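Along the sequence shown, the residues carry numbers beginning at 1. Just so we're clear, the structure is a prediction, and the values are computed from it rather than from any experiment.
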Amino acid sequence: MKFADYIYHHPDVETLKKEIQTIEKQLQEASDFESFWNAFMSFDALNQHLSTDLNLCEIRHTINTKDSYYKQEEDYLNEILPIVQEDLVRVGNVILESPYRKELEKKIPQTYFWAKELEKKCFSPEVIEDLQIENKASSAYQQLVAGAQVEFEGNTYTLSQLEPLMKSKDRSLRKRATKAYWGWFEENEEELASIFDTLVKTRDRIAKKLGYENFIGCGYDRMYRFDYDQKDVETYRQQVLKTVVPLNNRLYERQKNRLGVDRLMAWDEKVEFVSGNPKPKHDRQTMVQLALQMYRELSVETGEFFAYMIDHDLMDLDSKPGKAAGGYCTYLNDYDAPFIFANFNQTSGDVEVLTHEAGHAYQAYSSKDIVPMECIWPTSESAEIHSMSMEFLTYPWMKNFFLEDTQKFIFDHLSGAVKFLPYGVLVDHFQHEVYAHPEKDHTWRMQTWRELEKQYLPHKDYEEIELLERGGWWMRQLHIFMDPFYYIDYTLAQVCALQFWARAQKKDPDTFQDYQRICKLGGSLPFKQIVNQAHLKDPFEEGCLDETIQEVSAALDSITDEELS
């Protein structure tokens, strides 16, 4: 069965509510554990069906945001989900308070119960209308960015299609393309600011109705932060400032010298080499076949997984007008099918999709038999370990994609991994400031971003791009609008992934075995325990970042700029 044949069922809200209420009654009236378990499994099946329909709608809507049917369905789901959530949370409470809970705890992961406790904290019937407003505003941002049309030198581009020009080895071209790209954000600044203001004020209102001081605590609970808190993140930020920013300053200085420019401008940052960034040497179809070969050679299990993805058309990779920006992996429970969404644009990022998003997909494929379905996926910082680590574990096969540019790719990718850390922490720090001061206006938010940017990314030179000098970069970061407090998770996972890289470099025979172990664990353990199961150091642990960054720094220093020219 191919993806095109997967059936989307329009969820009728009244029918759905009746089904949930029937299961709730069965759970309450269960006379023994067996009948309780059967009702629990019925609830799990209902969640699987609902999740499948929600994800099918999201996939088909994001593939073509101009499709009127799925746009209408997306709007409908934004309306009904908060209403249905009330019933789902109520059933979760029945499970938490059941006399059969101790027996249930012997059969399913403890993380399920922790998640239900947090869902209980994060929902109340009085926030349903606010949740609907939040959903609509998030969709409005996605729709606006996906529909961007940029006129540039006689052609019309989406934002994603402009990016290859922004990485051109022709400095004049990339400068003009970069200005055109940010010109769209400046033209739409007022609308973007309005959408974000709606989101901030709505989230703050939700949090306060739920009894939180502000949205920060609520945001952490929504992200299922089981075993670390805001203080851990603050300590981690300081480690990044102390350990990573100095290395990055050296890397940017090397980049400036390699490019032979007096100043590393905003339009230079995406280009590492005078001869141009490494690009894959093949078209999309060939790259998918090369990826299949790679995964078959990596392990039997990864080979079977990727063949499954191809055979069932579970990837939509080409960039096209009307397609939503970015990339993601999701899962369709009813079909045991991960799905990869991306926007190929003839850059090295195309290959990274075939490793990063495939890492997510492989994890879901590996843990698909975990019960209940909520425990198939781990929390996001753990999930990103699987994706980011796969990028590094596939290094031996990059020569098939990049040919003579392989070493350039490895240097670009490894240096990019550490360059990313301060940016990821900056995105998170910005959100803490914004939600601690929800009453502040757009100008304050712009100034706050720019001030923080000067701490984490002091090399930034925005001359001639006034929007960025005012602090406008954050408006392109989808997660700030749609997934608050998610972004720090990428950096935590990156630190773990770099440890996998270091082990692979040392030929540690257990590296891939440990990786597969945590893929199979899915969401059955919290973050720190998953890190422990992988035999990695906790990123919050004192000295972890120092040791990891030292190894990366030594590897990058061993490659001379002459070798990269």
Side-chain angles (χ1 to χ4, degrees), residues 239-240 243-244 246-248 250-251 254-255 272-273 277-278 290-291 293-299 301-302 348-349 351-352 354-356 358-359 362-363 382 384-421 424 490-519 530-539 541 543-564:
Q239 288 189 69
V240 169
T243 305
V244 186
L247 171 59
N248 281 0
R250 288 200 296 112
L251 289 172
R254 281 184 69 178
Q255 182 181 358
E272 287 284 347
F273 315 104
N277 283 1
L290 287 172
Q293 175 189 338
M294 171 178 76
Y295 285 119
R296 281 177 169 160
E297 292 174 4
L298 180 59
S299 76
E301 296 89 345
T302 51
S348 60
V351 177
E352 289 166 28
L354 293 172
T355 55
H356 182 99
Y362 178 64
Q363 177 267 301
S382 301
E384 296 302 338
I385 299 175
H386 310 122
S387 55
M388 290 177 157
S389 297
M390 184 66 88
E391 295 180 41
F392 292 111
L393 295 172
T394 52
Y395 267 11
W397 289 270
M398 290 301 101
K399 60 183 182 295
N400 299 334
F401 296 95
F402 293 98
L403 304 179
E404 71 276 8
D405 284 342
T406 301
Q407 189 175 38
K408 286 170 66 176
F409 169 76
I410 298 295
F411 181 90
D412 184 27
H413 183 265
L414 186 58
S415 62
V418 289
K419 283 180 175 179
F420 168 73
L421 293 176
Y490 288 113
T491 76
L492 296 169
Q494 188 74 280
V495 174
C496 295
L498 286 167
Q499 292 179 64
F500 268 128
W501 162 82
R503 289 173 61 183
Q505 295 302 110
K506 296 169 187 169
K507 310 294 184 188
D508 179 342
D510 296 327
T511 303
F512 192 69
Q513 180 182 331
D514 283 347
Y515 174 79
Q516 286 190 301
R517 179 186 298 111
I518 63 170
C519 285
I530 286 176
V531 171
N532 181 260
Q533 286 288 314
H535 298 111
L536 304 174
K537 287 192 173 81
D538 173 359
E541 184 182 317
C544 170
L545 210 49
D546 289 337
E547 184 177 336
T548 303
I549 294 304
Q550 280 175 14
E551 294 190 65
V552 176
S553 179
L556 293 172
D557 287 345
S558 72
I559 304 173
T560 67
D561 290 332
E562 287 72 23
E563 291 177 87
L564 297 169

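Inter-residue side-chain proximity for Phe273 and Phe411 is flagged as met; some heavy-atom pair is nearer than 4.5 Å. Looking only at side-chain heavy atoms (C-beta outward), His535 and Arg517 come within less than 4.5 Å of each other.
Glu272 meets the side chain to side chain donor-acceptor pair (under 3.5 Å) test with Arg258, Lys419; sequence neighbours excluded. Evaluation of the side chain to side chain donor-acceptor pair (under 3.5 Å) rule for Glu562 yields no partner, not counting sequence neighbours. Listed by chain and number, the residues in a ring pair (Phe, Tyr, Trp, His ring centres under 6.0 Å) with Phe402 are Phe409 (sequence neighbours excluded). Partners of Glu297 according to the side chain to side chain donor-acceptor pair (under 3.5 Å) rule, which considers only residues two or more places apart in sequence or in another chain, are Gln293, Trp397. Shown here are the ring pair (Phe, Tyr, Trp, His ring centres under 6.0 Å) partners of Phe512, two or more places apart in sequence or in another chain: Tyr515.
The salt bridge (charged side-chain N to carboxylate O under 4.0 Å, His left out) contacts involving residues 496-510 comprise Arg503-Asp508, Arg503-Asp514, Lys506-Glu551, where partners must be two or more places apart or lie in separate chains.
Side-chain polar atoms of Ser553 and Arg250 form a donor-acceptor pair below 3.5 angstrom. With hydrogens and angles left out, the side-chain atoms of Glu384 and Ser387 include a donor and acceptor closer than 3.5 Å.
Residues Thr394 and Met390 come closest through the heavy atom pair OG1-O, 2.8 Å. Leu393 approaches Ala504 most closely through the heavy-atom pair CD2-CB, 4.4 Å. Across all their heavy atoms, Ile385 and Val531 have their closest contact at CD1-CG2, 4.1 Å. Of all the heavy atoms in Leu354 and Phe401, the pair that sits closest is CD1-CE2, 4.4 Å. Closest approach of Thr511 and Phe500 over heavy atoms only: O-CE2, 3.5 Å. Looking at every heavy atom in both residues, Leu414 comes nearest to Phe392 through CD1-CE2, 3.9 Å.
Atom CG of residue Asp557 and atom CG of residue Leu251 lie 8.0 Å apart, to the nearest 0.5 angstrom. Taking CD of Gln499 as the reference point, atom OG1 of Thr548 lies at 4.5 Å (rounded to 0.5 Å). Here CZ of Arg254 is found 7.5 Å from OG1 of Thr560. Values are rounded to the nearest 0.5 Å. The structure places CD of Gln363 at 9.0 Å from OG of Ser382, a figure rounded to the nearest 0.5 Å. Note that CD of Glu391 and OG1 of Thr355 are 4.5 Å apart. Values are rounded to the nearest 0.5 Å. Note that CE of Met294 is 11.0 Å distant from NZ of Lys399, once rounded to the nearest 0.5 Å.
For the pair Ser558 (side chain) and Ala555 (backbone), a donor-acceptor distance under 3.5 Å is present. Side chain of Thr243 to main chain of Val240: no donor-acceptor pair is present (N/O by atom type, distance under 3.5 Å, no hydrogens or angles).
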Requested in this report: Dump the intermediate steps for side chain to side chain contact (heavy atoms under 4.5 Å, CB included) on Leu421 and Asn248, then the final yes or no.
Outcome: CA-CA 9 Å; Leu421 293 176; Asn248 281 0; 5.8 Å; no
**Report entry** Derivation of the side chain to side chain contact (heavy atoms under 4.5 Å, CB included) call for Met388 and Cys496
**Finding:** CA-CA 9 Å; Met388 290 177 157; Cys496 295; over 6 Å; no
